[in-house]
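Below is one structure; the comments refer to it alone.
Only heavy atoms go into these numbers, but all of them, side chains included; no hydrogens, no water, no symmetry mates. The shown structure was predicted, so the numbers you read here are calculated from the model rather than taken from an experiment. Quick note on labels: first sequence line is chain A, next is B, and so on, each numbered from 1.
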Amino acid sequence: MVLLEAKHVSKRFGGLKAVNDVSFAVSRGEITFIVGPNGAGKTTLFNLITGVVHPDSGSIYFQDQDITKLAPDQAAKLGIGRTFQIVKPLRNLTVLENVMLGAFLRTSKPAQAEEEARGILTFLQMEKFLHLPARGMGLPMLKRLEIARALATQPKLILLDEVVAGLPTVEAIKLAMLLKRLPEWGISAIGGIEHVMQVVMKIADRVIVIDRGVLIAEGKPQEVVDRPEVIEAYLGPKYKEIGL
Amino acid sequence: MESVVNWFYPLIQAILNGLLTGALYALIGMGMALIFGVMRIVNFTHGAFLMLGMYVSYVFFLKTGINPYLGFMVSGAILFVIGYAVYMGLLRRIPGQVDFMVILVTLGLALIITDGVQLVFGADYHQINLPLVARNFRLGTQIFVNAPWLLSFVIALVLAVALYLVVTHTMFGRAARAIAQNPYPSPLMGINVNRVQAISFGIGAAAAGVAGALLLPVFYLYPGVGSQFELKSFVMVVLGGMGSIQGAAIAGLVLGVVESLTSLYWGNEWALAVDFVIFILVLSLKPSGIFGSQRA
Amino acid sequence: MSHRQFIAAAGFFLLSFAVPLVVHSDYTLQILFRVFLFAALGLAWNLVGGYAGQLSLGHAAYFGVGAYGLALLSKVGIPPWLSLFLGVGLAVISAAIIGLVSFRLRGPYFALCTIAFAEVVRLVAKNLPDVTGGDVGTQVPLLFTESSIKSFYISGVLLTGLAFVLTAWIERSKFGYYLMAIREDEDTAMSVGVNTSRVKLWSLLISAALTAIGGALYASLFLFIVPDQVMSLDMSVEIAIVPMLGGAGTLFGPVIGSIVLETAAEIFKNIFQEAHLLIYGVLVVMVVIFLPEGIAGTIANKLRLFKKAPAGSLAAPVPVRPEEEAERTAFRK
């Protein structure tokens, strides 16, 4: 069952083809990771899916509905949640209020929004920080806060842009283990990641590799990394380095 | 022939007058643009600086008899020092350098300067009488050039070019442009950000002060005189592309001509309104092109 | 609003209503009217400028439209109170137009755009003497016939009360959270489904309506208005300074700001004569440098009295992140 489908999507900024004729599909209940170095076009792809920018050509479908031209808030209403690579917390609000903001998408009652926010923060093991302002938090908690806020909108699909980047390995693994459970709640996920990390290989159902805006490989994690062209052209050194 | 005289000469005269005024606008706008470019703040003290420049030149004239066409240097120097001091003493100390707070402080400072001057000099209108003001040059039979405006045009133009050269060709200019592009330049570049910003603020204030001095012979002087020019400088900075001093200079000339033509065909009282309508149109039709980080 | 805040607010308003029983001097009542008028205007501005973080420096437009609406509509035979409400309607319509254009802009561009609109409104009022009386000004009908200064005072308290209750309610509602989210990060707000344009516009419409009522009250008290007075940039600045001084984005901030500012203006009036804005300037500069979270915000931080109200005080020093800076400067090339 296809949840999201991108068909021949292209986007250029000035002379740069940030995303070049990319097509892929994501099924319900799947965790997909888009792998590519910084500047490969992952964030642009996420911005295209969430309506922050619109493609020059091609189209995007979500649950068989054309969402190519939607605005970000409309995409969120349809059930596409996202996190930002550069974390964007509401700095002067508390952790709880940050997450309540997400919950307000599905309810108008503050009490209910609070209850849902508390549930999600408990799931993400952040219940200790409920009433602290976001501005004092460290990166690991801010990354989780991004996820919590997006989850509070009750998305069907969540886009996780570099969600483990910059985290210590232990923290990254912990977070990955939590994310692995998303399909249990009927939430599919697309992650964006720079390096092929072990943690990703463990939780990803599928991997899409892009390089300079072009999709160069896709498939199950192990298949993809075993492909000679991917190893040779692109993943080679890093892949060996990590010793997967 | 008669009909040509009827519409052609007034048109040429209006354009000429507009350019003459525009050079002063350009100077004011460039000062604002320099400050905006280097510090990313909208300086709501700009009009008060211009007014101060006028008063400095006025007092200087009363005490020494030296007219503003030389006295503008005193205005410029004093305003530079004031601007530098304001930055070092006040703006630099704003916690977090939040936009909001900077705007608030420059607004507060403008109130202090304007009402302070009013306290000292009163709210009355003043004017100085220079014989030069009544003198006109004649171009052909129908076109006149008013001497004081021509003089201020030449001085403003020279200073505008000088300012442009300073920004493009000196160490200070290079540092200012580096900061305009990245407010956190690497320490390796050896730029003292505070110092460069203070000098920029000083130069911006001086530009306003000089323009004020040059306006003195042809204008009334009162504490609130700066605000109309400040409003125009906002328009220029936006038209010219926020932070571009060449852009602001060209916008100043254009604005002068537009106002002059508006006065000719529609009445003087509509000139400022037309400025703002143009301003709003530019802001709303090209919000993404010239302005702000609209969307990532 | 916490329990303590509620008691404090209720007590304050009850006392305020009782003031005319004790104070009989017209002069004092007029000053107190001014305090409440600017508290109400500050609360109105605070919705847009404080909670939503959109620095409007053009609120004089709504104030002026409210004032002129009352004056001009009653001139053509419409009863004063009906004129007032029609004027408020006009202000809301102008706010819709101004908002649609200016809310597409961010940061200083927004502030400049609001100034430009207010100036256009002022200049049009100045330049159409046949309609508005131009620079000569126009007469405004008296809204209250009996013991008028007391009535003005009470209506000032009522308007402040209305704005206060509205703000208190908004602060706890979804709408309030959306406003604060827009202030904190518009991209984030959109990513969780906030239609930021619509939310900002609503806040401006409510704000403009309250401001216009204030404008009409002010005009009616003075009986005569000119564009350079009710639509000036100084008026916009004054409306914005009150809540920023008291604490933008806080419930009590505008009220505190107005009390402090208007009292200070009154005390220094004899010293400074016409130059009464001087003291505003001094206060503003001092508050920014020494109490960057505004008076209410600072008190709250010190005493934890107004718990949570200043959660999102605008003034809180937010460290500017380099990447944000890069984004902000990107447009210049």
Side-chain angles (χ1 to χ4, degrees), chain A residues 13-14 46-47 50-52 71-94 96-114 117 131-136 145-146 148-155 158-159 161, chain C residues 1 50-53 169-200 247-250 292-293 297 300-301 304 307-327 330 333:
Chain A
F13 295 113
F46 285 167
N47 284 344
T50 51
V52 174
D73 56 299
Q74 294 169 313
K77 279 175 195 134
L78 283 181
I80 304 177
R82 77 168 296 179
T83 68
F84 291 97
Q85 175 178 8
I86 298 163
V87 290
K88 282 173 169 287
L90 310 174
R91 288 176 180 265
N92 292 311
L93 301 189
T94 65
L96 181 65
E97 288 169 330
N98 264 273
V99 182
M100 280 171 73
L101 179 75
F104 273 124
L105 183 59
R106 308 289 172 205
T107 175
S108 291
K109 296 194 190 77
Q112 196 182 338
E114 183 176 335
H131 297 295
L132 292 181
R135 62 171 177 260
L145 185 58
E146 290 280 312
R149 189 180 61 222
L151 286 178
T153 65
Q154 303 178 10
I158 184 168
L159 308 181
D161 198 355
Chain C
M1 198 163 40
Y51 287 98
W169 177 74
I170 285 174
E171 197 179 54
R172 297 172 61 90
S173 71
K174 171 173 167 170
F175 181 63
Y177 277 85
Y178 277 10
L179 290 179
M180 290 189 277
I182 288 169
R183 172 186 74 208
E184 298 289 319
D185 197 312
E186 228 171 307
D187 294 328
T188 302
M190 284 193 279
S191 81
V192 293
V194 181
N195 184 337
T196 54
S197 318
R198 190 187 300 165
V199 171
K200 283 191 282 190
T250 68
E293 295 189 31
N301 278 0
R304 289 263 142 233
K307 195 179 148 274
K308 184 158 164 219
S313 174
L314 265 173
V318 182
V320 183
R321 290 163 293 162
E323 63 270 20
E324 220 172 52
E325 261 321 304
E327 256 173 46
K333 272 293 119 182

**Study point:** Minimum side-chain heavy-atom gap C:T188-A:R149 below 4.5 Å
**Key:** yes

Review point. Do A:E97 and C:E184 have side chains that get closer than 4.5 Å, going by heavy atoms?
Key: no

Check your understanding: For chain C, which of A:G102, A:A113, A:S108 has the most heavy-atom pairs under 4.5 Å?
Key -> A:S108

**Study point:** Exam field: side chain C:E171 to backbone C:G176, donor-acceptor pair closer than 3.5 Å
**Key:** no

Pairs under 3.5 angstrom only: tabulate donor-acceptor contacts from the side chains of residues 72-83 of chain A to other protein residues two or more places apart or in another chain.
{"residue": "A:Q74", "atom": "OE1", "partner": "A:A71", "partner atom": "N", "Å": "2.8"}
{"residue": "A:R82", "atom": "NH1", "partner": "A:N47", "partner atom": "OD1", "Å": "2.7"}
{"residue": "A:R82", "atom": "NH1", "partner": "A:T50", "partner atom": "OG1", "Å": "3.4"}
{"residue": "A:R82", "atom": "NH2", "partner": "A:N47", "partner atom": "OD1", "Å": "3.2"}
{"residue": "A:T83", "atom": "OG1", "partner": "A:D161", "partner atom": "N", "Å": "3.1"}

Check your understanding: For A:P133, is it the side chain, the backbone, both or neither that has a heavy atom under 4.5 Å from a heavy atom of chain C?
Key -> neither

Check your understanding: Which bit of A:F104 is near chain C, if near means a heavy-atom gap under 4.5 Å: side chain, backbone, both or neither?
Key -> both

